[in-house]
Protein chains: 2
Amino acid sequence: MEKRSKIPEPTVARLPIYFRCLIELKENGVAVASSEDMAARAGVKASQFRKDLSYFGEFGIQGLGYPVSHLLDRISSIMQLNKEHEVIIAGAGNLGSALLNYPGFQKWGFKITRVLDNNPQKIGKKLGDITIEDIQDIPKNLNSSIGIIAVPASAAQQVAQTLIQSGVKAILNFSGKKISPSKDIVVRNVDMTHELAILTYYLSVENK
Amino acid sequence: MEKRSKIPEPTVARLPIYFRCLIELKENGVAVASSEDMAARAGVKASQFRKDLSYFGEFGIQGLGYPVSHLLDRISSIMQLNKEHEVIIAGAGNLGSALLNYPGFQKWGFKITRVLDNNPQKIGKKLGDITIEDIQDIPKNLNSSIGIIAVPASAAQQVAQTLIQSGVKAILNFSGKKISPSKDIVVRNVDMTHELAILTYYLSVENK
DNA sequence: ATTGATTTGTGAAAAATTTGTCAATATAGA
DNA sequence: TCTATATTGACAAATTTTTCACAAATCAAT
Ligand SMILES: NC(=O)c1ccc[n+]([C@@H]2O[C@H](COP(=O)([O-])OP(=O)(O)OC[C@H]3O[C@@H](n4cnc5c(N)ncnc54)[C@H](O)[C@@H]3O)[C@@H](O)[C@H]2O)c1
Ligand SMILES: NC(=O)c1ccc[n+]([C@@H]2O[C@H](COP(=O)([O-])OP(=O)(O)OC[C@H]3O[C@@H](n4cnc5c(N)ncnc54)[C@H](O)[C@@H]3O)[C@@H](O)[C@H]2O)c1
C-alpha cells in the first residue's frame, strides 16, 4: 500500500503517540509488543492501532506482535522523524523563549536555528546560543521548512507571509488568529485558550 | 433541545473558534452575521456552523442571520465563559512561567491563582504577583477546578494525582505523558512536539 | 509434522460526522 | 397588505472514521 495522501487525519495525529510509546518500550528493553499492548499504552483500541498501521504497510508478525525497534524505525521514517528539521521561531516573547529552551524538540530532531522579532530592544540579544534577529532582515529561501508563530495575534498573518517568503513550508501557529491558507503550506493551530474553554465546557456537562 | 452530553466533540472544539469570531465581530460593531459570514471567518462550512449551533438551540433569525451580541452571550454561557475560573499551574519552569504571564487567559475569565513547584530554589520566589508554592503543602479542597500540568513527563502522573486531591476537576496536560484516567476528571493533552511531527508528516506528503 | 495458542491484517458493519437541500419564516420595500 | 429576497433549522444523504470479527499466518511444543 503506497498511497500517501488520503490517510485519515486522525490516523496521522495518532502516529506521534505510537512513536512515543515505542520509544518507551525500546528504552525498557521490550523487543516485541502486541497491538493490544500498544493500544493500551496509547489509549486506543487494538483494532484501531492495527488499522492505522495498515494504511502504511504490514509491520507485524502474526501470532507474535510488532518488533518494537523495527516498527519504531518505520514510523520514524513515515513521519520524517529520522531526519533533522530546522525550525524558525517568530516571536522572542514568553512563549517563543519557552519553546527555544525546550530540549524535547531536539530529541525528536527539531533544531531551532533562528529566532526572529521586530522589537529593537530584543534584536541582537542572545537567548541561549541563538541571537535574536530582526524579522525584516531575514533572507529569502532559507532551508528551514518549519516556522513557529509566537507573535501577537495582530501580527500573525503578516509574520506568516514573511516566514513563507523565507521558504517555510509548514507553520505551527500559537497566535489564536487564523492564518489565511496559502498554496502548499501546511498550518497547524495550537490554541491553549481554546483548550481551557473546552475543559470548562466539559466540566459543566460532567456536573449534569 | 436540552441534551447536554453526546454533543460531538468536534462540535465542542469549534465553539471557542466561533466565540473568538463573535468577539471580533462585536468589536467591529457588527450587529448581525449570517451563518455564511460566520463560517467564512471560522474556516468551516455554513451548514456545519448551523448544525453545531442546532445542538444547543435556535439562535438565529430566518432571513436575517444571527444577532452577534446575543449569540456571543449564549455561547459564553454554554462554554461557561461567563464565569471566572481559577486555575492552578503545576511547574514553574519555562512553560509554566510563559502561561502565567499570558494576559490572554484573563480575558477569557481564566485566573491563575497558584503556581506550584517542588524545587526548593523556586519555592517562595515571586513570579509577577504570585509566590511559587511548595506542591507538597497544597491544601485539599481548593476551589480551583482547573489545573495545568507543566512539569516534566516523569512527574506528570504524580502531579495529576496531587492536583486531583486538591480538588481539581479538569486538567490541561502539556507533559506529553498520558495521565491515567480518573473518574469525573476531564483531561486534555497538548503536545507541541506531536504538532511538529504532524507537520513534517504532511510536508513529506505534499512533496508527493 | 501436527496441534494448539496467539495475534495480525483486512473486509465489512457500525457509528460518527459533515455536507447538501429545501420548506418555513422573517424582513424590507412597494 | 402583499411580494421578493435572504437565511435559518432540520432532515436526509454522503462521507469519514471506528469497531468488529475472522481467515491466515506464525511460533512453540510435542
Ligand atoms: N504565553 C503563553 O502562555 C500563551 C498562551 C496562549 C497563547 N499564546 C499566544 O502566543 C503568542 C505569543 O505569546 P507570548 O506570551 O510569547 O507573547 P509576548 O508578548 O511575550 O511575545 C511576543 C513577541 O513577538 C514580538 N513581535 C510582535 N510583533 C512582531 C512582528 N510583527 N514580528 C516579529 N516579532 C513580533 C514581540 O516583540 C514579542 O517579543 C501570542 O499570539 C499569544 O496569544 C501565548
Ligand atoms: N517549554 C516548552 O516549550 C515545552 C514544549 C513542549 C512540551 N513541554 C512540556 O511541558 C512541561 C514543562 O516544560 P518546561 O519547559 O516548562 O520544563 P522546565 O524544566 O522548565 O520546568 C519544569 C518545572 O517543573 C518543576 N517540577 C519538577 N518536578 C516537579 C514535581 N514533582 N512537582 C512540582 N513541580 C515539579 C521543576 O522544578 C521545574 O520548575 C514538560 O513536560 C515538557 O515536556 C514544554
Side-chain angles (χ1 to χ4, degrees), chain A residues 1-15 17-18 21-22 25 30-72 74-75 78 198 201-202 205, chain B residues 1-15 17-18 21-22 25 30-72 74-75 78 198 201-202 205:
Chain A
M1 191 166 291
E2 201 41 53
K3 269 306 289 257
R4 260 65 167 25
S5 118
K6 87 160 184 320
I7 284 163
E9 108 113 77
T11 293
V12 174
R14 281 187 295 267
L15 294 179
I17 303 177
Y18 302 151
C21 294
L22 288 163
L25 286 167
V30 178
V32 176
S34 70
S35 59
E36 211 64 71
D37 296 340
M38 283 294 299
R41 278 174 184 270
V44 301
K45 291 253 161 89
S47 54
Q48 179 156 78
F49 175 76
R50 295 200 301 272
K51 173 65 93 182
D52 283 343
L53 291 190
S54 77
Y55 291 110
F56 301 101
E58 307 186 3
F59 311 114
I61 302 169
Q62 290 188 336
L64 245 200
Y66 298 84
V68 168
S69 196
H70 175 246
L71 183 55
L72 185 54
R74 298 309 318 276
I75 293 189
I78 289 165
I198 294 167
Y201 171 80
Y202 281 115
V205 178
Chain B
M1 191 165 292
E2 201 39 58
K3 268 307 289 261
R4 260 63 162 32
S5 117
K6 85 156 183 328
I7 284 162
E9 106 114 79
T11 292
V12 175
R14 280 188 295 268
L15 294 179
I17 303 177
Y18 302 151
C21 294
L22 288 163
L25 285 167
V30 178
V32 175
S34 70
S35 59
E36 211 65 70
D37 296 340
M38 283 294 298
R41 279 175 182 271
V44 302
K45 291 255 160 88
S47 53
Q48 178 156 78
F49 175 76
R50 296 200 300 272
K51 170 66 112 178
D52 284 342
L53 291 190
S54 77
Y55 290 108
F56 301 101
E58 306 185 4
F59 310 115
I61 302 169
Q62 290 188 335
L64 244 200
Y66 297 85
V68 168
S69 196
H70 175 246
L71 183 55
L72 185 54
R74 297 310 318 278
I75 292 189
I78 289 165
I198 294 168
Y201 171 81
Y202 282 116
V205 179

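Proteins get letters first, then strands, A, B, ... in listed order; numbering begins at 1 in each. Bear in mind the structure is a predicted one, so any value in this text is a computation, not a measurement.
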Are any protein N/O atoms closer than 3.5 Å to N/O atoms in nucleotides 1-3 of chain D? If there are, list each pair with its distance.
none

Every protein N/O within reach of nucleotides 28-30 of chain C N/O, cut-off under 3.5 Å:
none

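The base of C:dT17 is not paired with the side chain of B:R14 by any donor and acceptor separated by under 3.5 Å.
Within 6.0 Å of atom CD in B:E36, 12 or fewer heavy atoms from other residues, nucleotides or ligands are found, so the atom counts as exposed in its surroundings.
Checked against D:dT19, D:dT8, C:dG9, the side chain of A:K51 finds its nearest nucleotide in D:dT19. Nearest to the side-chain atoms of A:Q62 among the listed nucleotides C:dG9, D:dC20, C:dG20 stands C:dG9. Side chain of A:S54, nearest nucleotide from C:dT10, C:dT17, D:dA10: C:dT10. In this structure, of C:dT18, D:dC20, D:dT8, it is D:dT8 that holds the atom nearest to the side chain of B:S35. Taking the side chain of A:Q48 as heavy atoms from C-beta on, and the options C:dT17, C:dT19, D:dT19, the nearest nucleotide is D:dT19. Nearest to the side chain of B:E58, among D:dT17, D:dA21, D:dG9, sits D:dG9.
The side chain of B:Y55 contributes no N or O atom lying less than 4.0 Å from OP1 or OP2 of C:dT17.
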I'd like to know whether A:Y66 forms a ring pair (Phe, Tyr, Trp, His ring centres under 6.0 Å) with A:Y18, so could you lay out the CA-CA distance, the side-chain angles of the two residues, the decisive distance to 0.1 Å, and finally the verdict.
CA-CA 12 Å; A:Y66 298 84; A:Y18 302 151; 9.8 Å; no
